[in-house]
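Note sheet for the following structure.
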Amino acid sequence: MKRVIKGVTLECTTGDISKQPDMDAIVNAANAQLRIGGGVAGAIHRAAGPGLEEECRLWAPIRPGEAVITGAHRLPNRYVIHCLGPVYGADEPASELLASCYLNSLRRAEEKGVRSVAFPAISTGAFGYPIEPAARIAFTTIFQELPWLSSVKHIRFVLFSEADHRLHSKLLEKMSPPSE
Ligand code: ADP
């Protein structure tokens, strides 16, 4: 599923966030200490090698909603953007903190002149955020930010399951502005 809105390609795919060699930057659904962990963080750190965790020590800890950018080490990308999503039911206001993750990740990308960035579904794994409201927040935030993007021209959502992919594709289609 692909849409071009205000000159930016938005895309949903199924796959592994650590295997997106055509993207300048990938986003890590990180933990506060920016350590290896499970899920997305595990896949990214395993593929990047120990140099990533070492670089991350300079930035840790981060708070929910924050994002920091590092090199990508052995990954085939230029950068990794690490953001800490809210733990559903614990970090409040959850929806604002989740929106901040997307907003701050895009800001970090713009600061480095990144042209393409791949996001996982932040907070929807170990952190327990229900997938549909999380996807709505992701798209709403990105749509609001599109007019202010200058370097970022391609945003990809990489979903781990076919069900999550279908849901994101359906929502992207439904929520896209009608004229585009
Ligand atoms: P969080 O702690 O922010 O919830 P997780 O890494 O536990 O982060 O999960 C976030 C989402 O990413 C979940 O929907 C999960 O199914 C998915 N996911 C897990 N591993 C990968 C991967 N390698 N690539 C893309 N998505 C993944």
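Any value given below was found using the heavy atoms of this structure, including those in side chains, with hydrogens, waters and symmetry copies removed. Whatever order the structure lists them in is the order used to number ligands and atoms, beginning at 1.
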Notebook entry, point to check: Which atoms of ligand 1 have any heavy atom of A43 under 4.0 Å away?
Noted result: 23 (N)
Notebook entry, point to check: Atoms of ligand 1 less than 4.0 Å from A29 heavy atoms?
Noted result: 3 (O), 8 (O)
Item checked: Protein residue, atom and distance nearest to atom 24 (N) of ligand 1, heavy-atom basis -> I17 N, 2.9 Å
Notebook entry, point to check: Can we say R156 and D22 salt-bridge, meaning some charged N sits less than 4.0 Å from an Asp/Glu carboxylate O?
Noted result: yes
Margin query: Suppose we measure from atom 3 (O) of ligand 1 to each protein heavy atom; which comes out shortest, and what is that distance?
Written below: S123 N, 2.8 Å
Item checked: Where ligand 1 meets A121 - atom numbers and elements under 4.0 angstrom, heavy-atom basis -> 10 (C), 11 (C)
Note to self: Quick check on contacts: which atoms of ligand 1 are under 4.0 angstrom from a heavy atom of G15?
What the structure shows: 24 (N), 25 (C)
Next item on the list: Kindly indicate whether the side chain of V158, heavy atoms from C-beta on, has any atom under 4.5 Å from the side chain of D16.
Entry: no
Margin query: Could you check whether R57 pairs with E53 (Lys NZ or Arg NE/NH1/NH2 to Asp/Glu carboxylate O, under 4.0 Å)?
Written below: no
Next item on the list: Could you see which bit of A126 sits under 4.0 Å from ligand 1, with heavy atoms only: side chain, backbone, both or neither?
Entry: both
Check: Has ligand 1 got any nitrogen or oxygen that is less than 3.5 angstrom from a nitrogen or oxygen of A41?
Finding: no
Margin query: Considering both backbone and side-chain atoms of G38, is one of its nitrogen or oxygen atoms within less than 3.5 Å of a nitrogen or oxygen in ligand 1?
Written below: no
Margin query: Any nitrogen or oxygen of V40 lying under 3.5 Å from a nitrogen or oxygen in ligand 1? Just yes or no.
Written below: yes
Checklist line | Close side-chain approach of R46 and I36, heavy atoms under 4.5 Å | finding: yes
Next item on the list: Answer yes or no: is there a side-chain heavy-atom contact under 4.5 Å between S18 and L75?
Entry: yes
Item checked: For atom 4 (O) of ligand 1, the protein heavy atom that lies nearest, with its residue and separation -> G125 N, 2.8 Å
Notebook entry, point to check: ligand 1 and S18, any nitrogen or oxygen pair closer than 3.5 angstrom?
Noted result: no
Next item on the list: Check I81 against S105 and note the closest heavy-atom contact, atom names and distance.
Entry: CD1-O, 3.5 Å
Checklist line | Residue, atom name and distance, where the atom is the protein heavy atom closest to atom 23 (N) of ligand 1 | finding: D16 OD1, 3.0 Å
Next item on the list: Determine whether T9 and K153 make a side-chain contact, defined as any pair of heavy atoms from C-beta on separated by less than 4.5 Å.
Entry: no
Check: What's the shortest distance from atom 16 (O) of ligand 1 to any protein heavy atom, and which residue and atom give it?
Finding: F160 CB, 3.7 Å
Margin query: Just to confirm my output: which protein heavy-atom neighbour is closest to atom 13 (C) of ligand 1, and how far is it?
Written below: T124 OG1, 3.3 Å
Next item on the list: Just say parallel, tilted or perpendicular for the rings of F157 and F119, cut-offs at 30° and 60°.
Entry: parallel
Next item on the list: Using a 4.5 Å cut-off on heavy atoms from C-beta on, say whether the side chain of L84 contacts that of E66.
Entry: no
Margin query: Surrounding CZ of R35 (heavy atoms of other residues, nucleotides or ligands, distance under 6.0 Å), is the total greater than 12?
Written below: no
Check: N/O of L159 under 3.5 Å from N/O of ligand 1, yes or no?
Finding: no
